[in-house]
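Report on the following structure.
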There are 2 protein chains.
Amino acid sequence: MSAQSAEQLLHLETLSETERKILLGALHCFIQQGYFNTRIPDIVAASGVSTGSIYHHFKDKQHLAEALITQLINGLDQAMAKLISQHETPMEQIHALIEWMLTLTDAEPELVSFILYARHREFLPHQPPLCTQQPFEKMRSLVVRARENGDLPPLDEMVLTAAVFGPTLRIMQAAVDGVLPRPAHTYSAALFATIERLSTASAEV
Amino acid sequence: MSAQSAEQLLHLETLSETERKILLGALHCFIQQGYFNTRIPDIVAASGVSTGSIYHHFKDKQHLAEALITQLINGLDQAMAKLISQHETPMEQIHALIEWMLTLTDAEPELVSFILYARHREFLPHQPPLCTQQPFEKMRSLVVRARENGDLPPLDEMVLTAAVFGPTLRIMQAAVDGVLPRPAHTYSAALFATIERLSTASAEV
DNA sequence: GTCTATATGTTGATAGAC
DNA sequence: GTCTATCAACATATAGAC
């Protein structure tokens with residue numbers, strides 16, 4: 001699957017044109033400056049929608065952010081579900097997912113930075129941590145099924161998920177921090193090699 | 001090495017008593033509520049130092065935070081250097097470092113959360129990203145030396161660092177997010193197993 | 001539903017006594 | 001160096017016309 005834009009990841013079809021404009025403007029502001037550095041007038045400028053209209057559609061700044069995060073998580077979840085459905089075995093699905101994560105990082109580094117770093121709980125205290133939500137649950141279930149298939153060793157489920165997806169997430173983080181010499185997706189082969197090695201290691205360790 | 005408290009990690013010996021109290025108070029506030037949710041009166045209450053005195057010692061809130069982050073990074077760096085110096089081979093040093101990271105996570109989860117999640121650039125735009133600083137540089141150099149020793153496979157340096165430390169960092173993140181069933185340090189053996197497998201995998205992959 | 005203009009409340013920072 | 005009291009600026013949220 002090719003990389004998607006931030007707009008495509010927010011599935012905004014059910015919303016009114018104004019709400020779409022507000023959420024996209026807010027997303028751009030939050031991505032670039034962070035939630036706390038974003039002032040309502042910034043969202044007004046970015047969205048082309050007036051203060052009054054923003055407050056007509058959203059109770060306050062916090063609820064606006066909440067709606068945005070919800071849409072984003074749902075969008076990620078749907079994109080991942082579609083991607084997974086296009087492949088057969090758990091290991092193929094894992095590979096496809098990693099390719100997609102790396103490609104998305106190259107295409108939308110600031111969006112990825114927002115997702116990876118975001119301490120959403122700092123501005124949304126009621127939000128559960130990202131890693132307990134659908135996208136990370138999907139990763140875990142893929143790993144568990146690969147383990148059942150015998151494609152991954154019989155290690156603890158949390159550790160195995162961390163070992164399969166942790167390196168990719170670190171590379172993504174390095175990429176968005178600007179300390180990666182090459183585009184993120186060029187590391188996919190080496191990352192797959194580390195996963196291969198998890199499975200094929202000699203048993204007597 | 002046993003776990004250290006937040007206070008021990010900030011090497012504050014060279015500072016005046018008042019500056020120490022201010023930095024520790026601020027650290028507790030930032031850890032618990034984040035930088036933007038912390039008001040000056042919160043730091044006054046947490047440190048027992050008055051507003052005027054705080055502004056006598058630090059130009060403004062941002063410079064206070066900057067001083068704190070610098071101290072914290074230096075403290076981490078020193079603790080890691082000491083730990084590394086107590087072991088011989090790169091692989092032993094890597095193992096010791098991972099044990100220490102996990103133990104610190106159990107002892108000071110909120111401090112670790114602050115370090116891991118902190119988008120310090122959101123409130124300190126001039127700060128380089130954490131992963132380019134001494135602590136992460138140390139991780140990379142350990143991995144490179146282990147690779148030279150033949151203890152790790154000849155993969156890309158960034159990928160190898162991500163493969164060695166990424167899983168541990170993911171487990172730490174899961175721990176501070178409260179989604180880890182057992183204390184973080186109980187996963188060390190399984191984490192070491194994943195690193196072992198990197199090295200001992202059959203060559204013809 | 002959308003807009004402009006404005007009020008309300010907070011907050012970072014300062015002034016000035018001790 | 002430390003403190004209390006206060007200011008000035010600003011950002012959120014609202015009021016009310018269209």
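A quick note: this is a predicted structure, and the numbers were derived from the prediction, not measured. Below, all heavy atoms of this structure are taken into account, side chains as well, without hydrogens, waters or symmetry copies. Sequence lines set the chain letters: A, B, ... in the order given, protein chains first and strands last, and positions in each chain run from 1.
Side-chain N/O atoms of A:Y55 include none lying less than 4.0 angstrom from OP1 or OP2 on D:dT14. OP1 or OP2 of C:dG12 has at least one side-chain nitrogen or oxygen of B:R39 nearer than 4.0 Å. Here B:H56 reaches the OP1 or OP2 of D:dG1: one of its side-chain N or O atoms lies under 4.0 Å away.
DNA chain D is contacted by both A:F36 and B:H57; B:H57 maps to the nucleotide lying nearer its 5′ end (nearest heavy atom per residue).
Summarising the geometry, the separation between CD1 on A:I22 and C1' on C:dG1 is reported as 11 Å, rounded to the nearest angstrom. Going from atom CG of A:N37 over to atom P of D:dC10 covers 15 Å, rounded to whole Å. Separating the CD atom of A:Q62 from the C1' atom of D:dA11 is a distance of 15 Å, rounded to the nearest angstrom. Protein atom CD1 of B:I54 is 15 Å distant from nucleotide atom P of D:dG1, rounded to whole Å. Put simply, CG on A:D60 is 16 Å from P on C:dG9, counting in whole angstrom units. Summarising the geometry, the separation between CZ on B:F58 and P on C:dT14 is reported as 15 Å, rounded to the nearest angstrom.
Note that B:K61 lies outside the cation-pi zone of B:F123, set by a 6.0 Å cut-off to the ring centre and a 45° limit from the axis.
The aromatic rings of B:F30 and B:F114 sit parallel to each other, their planes meeting at less than 30°, with 60° as the upper class boundary.
The number of heavy atoms from other shown groups lying within 6.0 Å of CD (B:E88) does not exceed 12.
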- Task: Run the numbers on A:L97 and A:M80 for side chain to side chain contact (heavy atoms under 4.5 Å, CB included), then give the verdict.
- Result: CA-CA 7 Å; A:L97 185 51; A:M80 285 172 59; 3.8 Å; yes
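A heavy atom lying under 4.0 Å from DNA chain C marks the following residues of residues 40-47 of chain B, by number: B:I40.
Taking the charged nitrogens against the carboxylate oxygens, A:R145 and A:E148 have no contact shorter than 4.0 Å, which rules out a salt bridge. A salt bridge links B:R140 with B:E137: the closest approach of a Lys/Arg side-chain nitrogen to an acidic carboxylate oxygen falls below 4.0 angstrom.
Of all heavy-atom pairs spanning B:S16 and B:H57, the tightest one is OG-CE1, 4.2 Å. Minimum interatomic distance between B:I171 and A:A162 (heavy atoms only, all atoms of both residues): CG1-CB, 4.1 Å.
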Using a cutoff of under 3.5 Å, can you pull out all pairs of nitrogen or oxygen atoms linking the protein to nucleotides 3-6 of chain C, with atom names and distances?
{"residue": "C:dC3", "atom": "OP2", "partner": "A:S50", "partner atom": "N", "Å": "2.9"}
{"residue": "C:dC3", "atom": "OP2", "partner": "A:S50", "partner atom": "OG", "Å": "3.0"}
{"residue": "C:dC3", "atom": "O5'", "partner": "A:S50", "partner atom": "OG", "Å": "3.3"}

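In this structure, B:L23 and B:F58 have side chains that are in contact, with non-hydrogen atoms separated by less than 4.5 Å.
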